Amino acid sequence: MNIYKRNIYKRSVSGKSAFLTLSAAALLSSLTACSSSPGAAPKDGTAAKEEAGKPTELKIMVDYTIAQPPSPDNPVLKEFEKKTNMKLTVQWIPGGDYADRVNVALAAGDIADLIKIPSITTPLFRQMVKQGAFWDLTPYVKDYPNLTALDSKIWNNTKIDGKNYAVPAGRPLDGGGFFSIRKDWLDKLGLPMPTNMDELYTVMKAFKENAPDGKKDTTGFTMRSAQMIEEVFTGTVGKWKEKDGKLVNMTMEPEVKEAIAYQRKLYEEGLIPQDFPVLKETQYWELATSGRAGVTAETPEALFRYTMDQWKKDPNVAWTPIVSLSPKAGGKQYVSQGSGMNGVLAIPKSVPEAKMKAILNFINYGSGGEGLDLTLYGIKDVHYSIVDGLKIANDKAVADSVGTGSWGKMFSTPVVDLWQYAAGMPKEIYQRNMKIAEERSKISVGDPTIGLVSETDLKLGADYNKKISDLKTQVIIGKLPMEAWDQYVEQLKKDPNYQKIIEEMNAEYQKRKAQN
C-alpha cells in the first residue's frame with residue numbers, strides 16, 4: 001500500500017509526497033455528452049489543456065470546515081491555477097450545510113465541473129449515475145499515479161455496480177476522531193487515564209464534583225460525537241457489525257441498550273450538558289475551551305486548533321487523545337477506524353472528455369508531491385519555512401486558510417499523520433499524537449458497510465433513523481422509561497421492512513466479498 005507520509009518534523013521539503021425524490025431523468029439531455037475511448041493522461045504533473053496555452057476554466061463545488069473559506073484572490077488558489085493551467089471558480093459551502101446544498105444542486109441540474117459528493121451512498125447521486133449523468137472514471141484513473149496510490153480497499157468501497165464514478169477524497173484509515181481528555185485535570189485529581197467506560201464515568205464524576213478549572217457549572221463530557229459512546233459498547237462504527245461472516249444490525253442488540261442506559265446515568269447525574277440535544281457545534285467547543293468540560297471528541301489536529309488559544313493562555317492545559325476504551329474492565333479495547341475518505345469527487349457527463357482528463361490531472365496534482373505540499377502547507381517562505389530541513393507553518397498559513405479544512409477537501413490526502421498535526425503545534429505534541437495513532441492502528445475497527453446500500457433503506461431508512469435517534473434521546477433525558485426502548489426493539493424485530501433492509505444489506509455484503 002502506497003500512502004504518503006508528510007511528517008512535519010521529519011520530512012524534507014522534497015519528500016513525496018433526506019432523499020430527494022425528483023427524478024434525474026429529465027436532466028440527462030443537458031448533462032450527458034458523447035464520450036470517446038479513454039486515452040492516456042499526462043503523468044508529469046502538468047495539466048492537460050483544452051487548447052494549448054489557454055487555461056481550462058474549472059468550476060468546483062466543495063465544502064469547508066474552518067472559520068472562513070479561501071477568498072478568490074487567495075495565494076494558494078493562484079498557485080494552483082499557475083501549476084495546473086486552470087482558471088478556478090470555487091463555490092465553498094459550509095460543512096454543516098453541504099449535504100443539503102448538494103442535493104439541491106443535483107436536483108436542479110446545477111452541477112459544477114467538479115463536485116464533492118458527501119457520500120457514495122447519496123441516493124440522488126446514485127440515481128443519476130445509473131442514468132448516465134456522471135463520467136465512469138474506471139478506464140481513466142490508472143493514468144494518474146497519485147490517485148492509484150490510494151488504498152484499493154477505498155476504491156472498492158466507492159464502486160457503484162462494479163465501476164468507479166468518482167474519485168475518493170482519500171483520508172487515512174487510522175488516527176482520526178475519538179475521545180480526548182484534559183490530562184492536566186487527571187493529574188491534578190490524581191486519577192489515571194481511563195481505559196474503559198466505567199473508569200471514564202468515574203473520571204467525569206470527579207471532574208464535575210471537583211471542577212479543576214474552578215467553574216461552578218463544570219460537567220464531564222461535551223457530548224460532541226456522542227455516538228462514540230454507543231460504538232465503544234457495540235465495538236463497531238455505525239450500526240452494522242460482522243459476526244460469523246454476516247452483518248448484524250446492532251440496533252436490536254443488548255449492547256445498544258447498555259449504551260443508552262450509560263448515557264441516561266450521565267444525564268441524571270449532570271455529567272453531560274442538560275441541553276445536549278439542541279447544542280450547536282460551536283457550543284460543544286465553548287464547553288471544552290472555557291474549562292467547563294474535561295472530555296470531548298475530535299481528531300487530534302482539530303482538537304489542537306480549537307483549543308490552541310486556551311493552551312496559550314494557560315500552558316498547563318493538556319488536552320490528550322485517549323488511545324482506546326473498552327465497554328468494561330477486561331473487555332476488548334476499541335477505537336474507531338475512519339472510512340478512508342471524506343466524500344467523493346465526481347465529474348458530470350456535460351464536461352467534455354478532454355476537460356474531464358484535465359480535471360483528473362488537477363486532482364492528481366493536489367493529491368501528491370509538490371501539489372500535496374501546496375494543499376497541506378501552502379507556499380514555501382509564505383506559509384511555511386524550512387528550519388534545519390523541517391517544514392514549520394506560520395500564522396499566515398492560518399490567515400490564508402491553508403490545510404485540510406479547505407484545500408484538503410478537494411484532494412486525496414491520505415498522509416499517515418493528516419489528523420496528527422496542525423499549524424503552530426509544538427513538536428512534542430505532534431510526536432505524542434503520532435505514537436497514539438500508531439497504537440490505535442493496531443486495534444482500530446471500521447464500518448463494514450461503507451459504500452453498501454439497500455434499496456429499502458434508501459426509501460425508508462431516514463424515517464427509521466429519525467425515529468431511533470429521537471427515541472434514544474427521549475430515554476436518555478428521562479422523558480420515556482427504558483422499557484420504551486425494549487418495546488421498540490421488539491417492533492423492529494417484527495417489522496417486515498426493517499428486516500428487509502437487513503436482508504438486502506447482507507446480500508450486498510456477500511456480493512462485495514465475492515467480488516473481492
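No experiment lies behind these values; they were computed from the predicted model shown. Residue numbers start at 1 and run along the sequence shown.
- For Phe125 and Phe134, the gap between ring centers is short of 6.0 Å.
- Within the 4.5 Å cutoff, no side-chain heavy atoms of Ser324 are placed close to those of Tyr334.
- Under the side chain to side chain donor-acceptor pair (under 3.5 Å) criterion, Arg224 pairs with Glu281, Glu298, sequence neighbours left out.
- Remark: aromatic rings of Phe411 and Tyr365 are distant, center separation not under 6.0 Å.
- In summary, the aromatic rings of Trp407 and Phe80 are positioned with their centroids under 6.0 Å apart.
- Counting heavy atoms from C-beta outward, Val102 and Pro118 have side chains that approach closer than 4.5 Å.
- With no hydrogens or angles considered, a side-chain donor-acceptor pair links Thr121 and Ser119 at under 3.5 Å.
- Minimum interatomic distance between Val415 and Pro172 (heavy atoms only, all atoms of both residues): O-CG, 3.0 Å.
- Of the possible polar contacts, one joining the Gln499 side chain to the Leu492 backbone as a donor-acceptor pair under 3.5 Å is found.
- Note that OG1 of Thr413 and CG of Leu418 are 4.5 Å apart. Values are rounded to the nearest 0.5 Å.
- A salt bridge does not link Glu253 to Lys241: none of the charged nitrogens lies less than 4.0 Å from a carboxylate oxygen.
- Qualifying side chain to side chain donor-acceptor pair (under 3.5 Å) partners for Thr138, counting only residues two or more places apart in sequence or in other chains: Asp136.
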Margin query: I'd like to know whether Glu301 forms a salt bridge (charged side-chain N to carboxylate O under 4.0 Å, His left out) with Arg305, so could you lay out the CA-CA distance, the side-chain angles of the two residues, the decisive distance to 0.1 Å, and finally the verdict.
Written below: CA-CA 6 Å; Glu301 63 88 19; Arg305 282 192 286 110; 3.0 Å; yes
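- Between the side chain of Arg440 and the main chain of Ile322, a donor-acceptor pair closer than 3.5 Å is present.
- In this structure the side chain of Pro327 never reaches within 4.5 angstrom of the side chain of Asn196, judged on heavy atoms.
- Pairs engaging residues 109-123 under the salt bridge (Lys or Arg N to Asp or Glu O under 4.0 Å) rule: Asp63-Lys116, Asp113-Lys355 [sequence neighbours left out].
- For Asp495, the salt bridge (charged side-chain N to carboxylate O under 4.0 Å, His left out) test picks out no residue, with sequence neighbours left out.
- Lys511 has a carboxylate O that lies under 4.0 Å from a charged side-chain N of Glu508, or vice versa, which qualifies the two as a salt bridge.
- Side-chain contact between Thr296 and Met223 is absent, with no heavy-atom pair separated by less than 4.5 Å.
- Here CE of Met86 is found 8.0 Å from CD1 of Ile60. Values are rounded to the nearest 0.5 Å.
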Next item on the list: Determine, step by step, whether Val256 and Phe233 satisfy the side chain to side chain contact (heavy atoms under 4.5 Å, CB included) criterion, reporting the C-alpha distance in whole Å, the side-chain angles of both residues, the deciding distance to 0.1 Å, and the verdict.
Entry: CA-CA 7 Å; Val256 169; Phe233 278 94; over 6 Å; no
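- Every residue meeting the side chain to side chain donor-acceptor pair (under 3.5 Å) condition with Tyr201, not counting sequence neighbours, appears here in chain and number order: Glu269.
- A donor-acceptor distance shorter than 3.5 angstrom exists from the side chain of Gln420 to the backbone of Gly175, with no hydrogens or angles considered.
- The shortest side-chain heavy-atom distance between Ile111 and Met61 does not fall under the 4.5 Å cut-off.
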Next item on the list: Kindly determine whether Phe179 and Phe221 satisfy ring pair (Phe, Tyr, Trp, His ring centres under 6.0 Å), including the steps that lead there.
Entry: CA-CA 9 Å; Phe179 293 100; Phe221 176 41; 5.5 Å; yes
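- Applying the side chain to side chain donor-acceptor pair (under 3.5 Å) rule to Asn465 yields the partners Lys239; only residues at least two apart in sequence or on another chain are considered.
- Judged purely by atom type and a 3.5 angstrom limit, Ser336 uses its side chain to pair as donor or acceptor with the backbone of Gly177.
- Listed for the Trp155 side chain is a donor-acceptor partner under 3.5 Å among the backbone atoms of Leu147.
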Check: Stepwise, does the side chain to side chain contact (heavy atoms under 4.5 Å, CB included) test hold for Val445 with Gln337?
Finding: CA-CA 5 Å; Val445 177; Gln337 184 182 86; 5.7 Å; no
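- Here the side chains of Pro321 and Phe178 are not in contact, with every heavy-atom distance at 4.5 Å or above.
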Note to self: Let's go through Tyr98 and Tyr64 carefully: what are the C-alpha distance in whole Å and the side-chain angles of both, what is the deciding distance for side chain to side chain contact (heavy atoms under 4.5 Å, CB included) to 0.1 Å, and is it a yes or a no?
What the structure shows: CA-CA 9 Å; Tyr98 194 70; Tyr64 72 92; over 6 Å; no
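- Under the rule for a side-chain contact (heavy atoms from CB on, under 4.5 Å), the partners of Glu490 that lie at least two apart in sequence or sit in another chain are Lys493.
- In this structure, Leu58 and Leu114 have side chains that are in contact, with non-hydrogen atoms separated by less than 4.5 Å.
- Side-chain atoms of Gln510 come within 3.5 Å of backbone N or O of Gly245 as a donor-acceptor pair.
- No donor-acceptor pair under 3.5 Å is formed between the side chain of Asn361 and the backbone N or O of Lys357.
- Judged by distance alone, the side chain of Thr236 and the main-chain N or O of Trp240 form a donor-acceptor pair under 3.5 Å.
- Of all heavy-atom pairs spanning Ile450 and Ser339, the tightest one is CD1-CA, 3.5 Å.
- Residue pairs meeting the ring pair (Phe, Tyr, Trp, His ring centres under 6.0 Å) criterion with at least one member in residues 489-510, sequence neighbours excluded: Tyr464-Tyr498.
- In the model, Ser412 has no side-chain atom that pairs as donor or acceptor with a side-chain atom of Ser367 under 3.5 Å.
- Salt-bridge check for Lys466 with Asp470: passed, with a basic side-chain N closer than 4.0 Å to an acidic carboxylate O.
- In this structure Thr195 satisfies the side-chain contact (heavy atoms from CB on, under 4.5 Å) test together with Glu199, Gln333, sequence neighbours excluded.
- Under a 3.5 Å cut-off, the side chain of Gln227 and the backbone N or O of Gly238 do not form any donor-acceptor pair.
- Annotation for Leu303 and Ser180: closest pair CD2-OG, 3.4 Å, computed over non-hydrogen atoms.
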Next item on the list: Evaluate the criterion side chain to side chain contact (heavy atoms under 4.5 Å, CB included) for residue pair Asn156 and Lys159; output intermediate values, then yes/no.
Entry: CA-CA 5 Å; Asn156 289 333; Lys159 287 182 176 178; 3.4 Å; yes
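- Taking both residues in full, the closest heavy atoms of Leu200 and Leu325 are given as CD2-CD1, 4.1 Å, listed atom of the first, atom of the second, then distance.
- Formation of a donor-acceptor pair under 3.5 Å by the Thr456 side chain with backbone atoms of Ile501 is not found in this model.
- Counting heavy atoms from C-beta outward, Asp97 and Asp100 have side chains that stay 4.5 Å or more apart.
- One finds the CG atom of Leu266 at 9.0 Å from the CD1 atom of Ile476 (value rounded to the nearest 0.5 Å).
- For Glu255, there are no salt bridge (charged side-chain N to carboxylate O under 4.0 Å, His left out) partners at least two apart in sequence or on another chain.
- Across all non-hydrogen atoms, the minimal contact from Thr222 to Tyr284 is O-CD2, 3.4 Å.
- Pairing each heavy atom of Gly132 with each of Lys349, the nearest pair is O-CG, 3.4 Å.
- For the side-chain contact (heavy atoms from CB on, under 4.5 Å) test, residues two or more places apart in sequence or in another chain that qualify with Ser441 are Asp174.
- For Lys494, the side-chain contact (heavy atoms from CB on, under 4.5 Å) test picks out no residue, with sequence neighbours left out.
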